[in-house]
Structure formats: structure tokens, C-alpha cells
Asker: 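Can you read through this structure? Questions will come right after.
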Amino acid sequence: MGGRHEKLKIGIRNEYVGTGEIEVLDSMECYDPTTNKWEFRKPMFNKRFLFAVVVGPDDKIYVFGGGDKYNEDPRSRKVYDTTEVYDPKTDTWTYRAPMPEPRFAHAGALGADGKIYIMGGSLGQDESPPLRGVFIYDPAQDTWEKGPSMLLPRSTLAAVATPDGKIYAIGGTDAGAYKIKKAISLYLPPPPKDYEGRVQETVEMLNITK
């Protein structure tokens with residue numbers, strides 16, 4: 001569902017070539033492994049990419065956040081705090097309670113406690129830095145609460161839950177998270193080299209069992 005793709009055109013050799021124009025999508029495609037066939041389903045309410053999607057404990061599909069523009073000025077990009085829920089049985093979408101804040105390039109996972117954990121990401125506008133924050137959504141109550149922050153800021157990360165009540169935040173990037181440090185350094189003796197961020201190879205574990 002959703003995402004982005006490059007628009008195509010017919011080239012001089014009658015083959016498809018890219019135009020360089022990136023389009024963000026609201027489409028929903030469904031694959032049936034028993035028949036090896038694809039079909040379109042009802043699209044989302046909004047076009048979005050770099051969102052989080054999680055299958056809930058009720059077998060419905062939950063979509064959180066994301067942005068509506070790819071290669072335009074990030075300051076004009078709308079970043080969503082919305083929660084859209086798809087019911088495969090009825091092919092319908094509904095809105096649920098929005099996240100406490102908009103999120104972009106974040107990750108989500110269904111915990112063993114039946115709650116959905118949204119981790120990291122950024123505000124997605126004007127080079128906003130990766131974040132450490134965690135939000136916890138309860139599908140049964142349609143409510144949100146803040147969870148314990150990760151140790152490191154991460155965006156474009158992966159999140160995986162295990163049956164023993166643990167959730168793993170894997171990889172991602174912290175690039176841009178330390179720009180404020182560079183600004184502060186203007187008033188301090190300069191460090192040997194300003195930290196500009198890096199792709200994370202680390203894994204963090206959140207234990208949600210009591």
C-alpha cells in the first residue's frame with residue numbers, strides 16, 4: 001500500500017523510461033499466494049510514503065503517519081499524525097485516534113501485549129532530525145500513550161516483536177540528529193571533527209513484559 005514510484009514514459013525505442021518525476025501513492029494492492037495473482041483493493045484516504053504499517057491483533061491493517069510529497073521542498077511536505085485502519089473482510093478504511101505527533105520514516109510492531117509500538121522516525125520537514133521517542137497504541141481502547149525512549153535516535157529503521165514480550169529496533173540512521181551540537185560548538189573550542197551522523201548497525205531491545 002502507498003509508497004512512491006517514478007512516472008514512466010515511452011522512449012525512442014518504444015520502451016518505458018523514467019521521467020524523474022516521483023509520485024506518492026494511495027493505492028492498495030493485494031496478493032493471493034494460493035492463486036499467485038494480484039488485485040487492487042480500496043485505496044487509503046491519503047497518499048503517503050515512509051509510513052509504518054502493522055497487522056493488529058484483530059487482523060486489521062493499521063497505517064500510521066508518513067508524508068505526502070517526495071522531491072519537493074520538505075518544508076511544504078505534509079507529515080501525517082493520522083491512523084488509518086483497513087479491514088480486509090469488508091474492503092473498507094476507517095480513521096482511528098491520531099498519534100500524539102506526526103511521524104515520518106518511523107517503524108511499528110505489534111507487541112505480545114496486543115499493543116502497537118511506534119518507534120523513532122522524524123517530523124519529516126526541513127531536515128528535521130531523527131528521534132528517540134516511542135508511542136504505544138492500544139487498538140482495543142483506541143488510545144495512545146508515550147513509551148520509554150530508545151537509547152539512540154533512529155529513522156528509516158526496522159522494528160520486530162518476539163513472542164517473549166520483547167521488541168527490537170534495528171538499524172536506521174541518526175544523520176542530522178546532532179546538528180544542534182554543531183551550532184553550540186560555535187561558542188566552544190572546536191572539536192577535532194563535527195559528528196554528522198551515520199547509518200546505525202546497532203540493535204536495541206525494549207522489554208514490554210512486567
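Fair warning: this is a prediction, and the values are worked out from it, not measured in the lab.
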Asker: Which heavy-atom pair separates Ala112 from Thr162 by the least distance, and what is that distance?
Answerer: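 What the structure gives for the nearest pair is CB-O, 4.2 Å.
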Asker: Using 0.5 Å steps for rounding, measure from the NZ atom of Lys69 to the CZ atom of Arg77.
Answerer: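 CZ of Arg77 is found 9.5 Å from NZ of Lys69.
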Asker: Test question: given the 4.5 Å side-chain rule for I, L, V, M, F, W and Y, name all other residues clustered with Val203, or answer none.
Answerer: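 Members alongside Val203: Val160, Tyr168, Ile170, Met205.
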Asker: Tell me whether Tyr62 is reachable from Met99 by hopping between hydrophobic residues (I, L, V, M, F, W, Y) whose side-chain heavy atoms are closer than 4.5 Å.
Answerer: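 Yes.
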Asker: Linking I/L/V/M/F/W/Y whenever any side-chain heavy atoms sit under 4.5 Å apart, do Leu50 and Leu25 land together?
Answerer: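 No, separate clusters.
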Asker: If hydrophobic clusters are built from ILVMFWY residues whose side chains come within less than 4.5 Å, do Leu152 and Leu131 share one?
Answerer: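 In one cluster: no.
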Asker: Under 3.5 Å, side chain of Asp91 to main-chain N/O of Lys42, donor-acceptor pair present?
Answerer: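 Checking the backbone N and O of Lys42 against the side chain of Asp91, a donor-acceptor pair under 3.5 Å is found.
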Asker: Please work out whether the ring planes of Phe64 and Trp144 are parallel, tilted or perpendicular, with thresholds of 30° and 60°.
Answerer: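 If you compare the ring of Phe64 with that of Trp144, the planes turn out perpendicular.
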Asker: Only counting residues at least two apart or in another chain, list the ones meeting ring-ring contact (aromatic ring centres under 6.0 Å, His included) with Phe40.
Answerer: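 ring-ring contact (aromatic ring centres under 6.0 Å, His included) list for Phe40, sorted by chain: empty.
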Asker: Search all heavy atoms of Val134 against all heavy atoms of Pro148 and return the closest pair with its distance.
Answerer: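 In this case the closest contact between Val134 and Pro148 is CG2-O, 3.2 Å.
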Asker: Restricting to pairs with a member in residues 115-124, which pass side chain to side chain donor-acceptor pair (under 3.5 Å), not counting sequence neighbours?
Answerer: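 Residue pairs passing side chain to side chain donor-acceptor pair (under 3.5 Å), neighbours aside: Asp113-Tyr117.
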Asker: Give me each pair satisfying salt bridge (Lys or Arg N to Asp or Glu O under 4.0 Å) with a member in residues 149-167, each pair once, sequence neighbours excluded.
Answerer: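 Every pair satisfying salt bridge (Lys or Arg N to Asp or Glu O under 4.0 Å) with a residue in residues 149-167: Arg154-Glu204, Asp164-Lys166.
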Asker: Give the cluster check for Tyr86 versus Val63: same hydrophobic cluster or not, with ILVMFWY residues linked at side-chain heavy-atom distances below 4.5 Å.
Answerer: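 The answer is yes; both residues are in one hydrophobic cluster.
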Asker: Any idea which heavy atoms bring Leu110 and Ala161 closest together, and the distance?
Answerer: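 It is O-CB, 3.1 Å.
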Asker: Could you grab the distance from atom NZ of Lys89 to atom CG of Asp58, nearest 0.5 Å is fine?
Answerer: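 One gets 9.0 Å once the value is rounded to the nearest 0.5 Å.
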Asker: Would you give the length of the straight line joining atom SG of Cys30 to atom CD of Glu39, rounded to the nearest 0.5 angstrom?
Answerer: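 Separation between the atoms: 5.5 Å.
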Asker: Give, for atom OG of Ser27 and atom CE of Met1, the distance between the pair rounded to the nearest 0.5 Å.
Answerer: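 Separation between the atoms: 9.5 Å.
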Asker: Does Phe51 have any ring-ring contact (aromatic ring centres under 6.0 Å, His included) partners at least two apart in sequence or in another chain, and if so, which?
Answerer: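 With sequence neighbours excluded, Phe51 shows a ring-ring contact (aromatic ring centres under 6.0 Å, His included) to no residue whatsoever.
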Asker: Which value, rounded to the nearest 0.5 Å, describes the distance between Met150 atom CE and Met119 atom CE?
Answerer: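 Nearest 0.5 Å value for the CE-CE distance: 5.5 Å.
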Asker: Which residues pass the side-chain hydrogen bond (donor to acceptor under 3.5 Å, both in side chains) test with Arg4, sequence neighbours left out?
Answerer: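 For Arg4, no residue satisfies side-chain hydrogen bond (donor to acceptor under 3.5 Å, both in side chains) once neighbours in sequence are set aside.
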Asker: Which residues pass the side chain to side chain contact (heavy atoms under 4.5 Å, CB included) test with Thr156, not counting sequence neighbours?
Answerer: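 Residues passing side chain to side chain contact (heavy atoms under 4.5 Å, CB included) with Thr156: Ala105, Thr173.
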Asker: Could I get the full list of side-chain hydrogen bond (donor to acceptor under 3.5 Å, both in side chains) partners for Glu101, not counting sequence neighbours?
Answerer: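 Residues passing side-chain hydrogen bond (donor to acceptor under 3.5 Å, both in side chains) with Glu101: Arg103.
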Asker: Checking Phe135 now: which residues fulfil ring-ring contact (aromatic ring centres under 6.0 Å, His included) with it, not counting sequence neighbours?
Answerer: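 In terms of ring-ring contact (aromatic ring centres under 6.0 Å, His included), with neighbours along the sequence ignored, Phe135 is linked to no residue.
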Asker: Set out, in order, the CA-CA distance, both residues' side-chain angles and the distance that settles side chain to side chain contact (heavy atoms under 4.5 Å, CB included) for Met44 and Met28, then state yes or no.
Answerer: CA-CA 7 Å; Met44 295 185 290; Met28 159 79 90; 5.8 Å; no
Asker: Looking at residues at least two apart in the chain, or sitting in another chain, which of them share a salt bridge (Lys or Arg N to Asp or Glu O under 4.0 Å) with Lys37?
Answerer: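 Expected list: none.
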Asker: Kindly compute the distance separating CG (Leu206) from CD1 (Ile167), expressed to the nearest 0.5 Å.
Answerer: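 Going from CG on Leu206 over to CD1 on Ile167, the span is 5.5 Å.
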Asker: Do Thr82 and Arg96 have side-chain N/O donor and acceptor atoms under 3.5 Å apart?
Answerer: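 The criterion, which ignores hydrogens and geometry beyond distance, is not satisfied for Arg96 and Thr82.
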Asker: What is the minimum heavy-atom distance between Pro130 and Ala175, and which atoms define it?
Answerer: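 Closest approach of Pro130 to Ala175, heavy atoms only: CD-O, 3.2 Å.
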Asker: I'd like to check the side-chain hydrogen bond (donor to acceptor under 3.5 Å, both in side chains) partners of Asn46; sequence neighbours left out, ordered by chain and number.
Answerer: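 Residues passing side-chain hydrogen bond (donor to acceptor under 3.5 Å, both in side chains) with Asn46: Glu84, Tyr95.
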Asker: Pro57 and Gly114: which non-hydrogen atoms are nearest, and at how many Å?
Answerer: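 Where Pro57 meets Gly114 most closely, the heavy atoms are CG-O, 3.6 Å.
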Asker: I'd like to know if Phe104 and Ile22 are part of one continuous hydrophobic network [Ile/Leu/Val/Met/Phe/Trp/Tyr, side-chain heavy atoms within less than 4.5 Å].
Answerer: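 Yes, because Ile22 and Phe104 connect within a single hydrophobic cluster, where side-chain heavy atoms sit under 4.5 Å apart.
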Asker: According to the side chain to side chain donor-acceptor pair (under 3.5 Å) rule, which pairs have a member within residues 130-139, sequence neighbours left out?
Answerer: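 Only Tyr137-Asp142 qualify under side chain to side chain donor-acceptor pair (under 3.5 Å).
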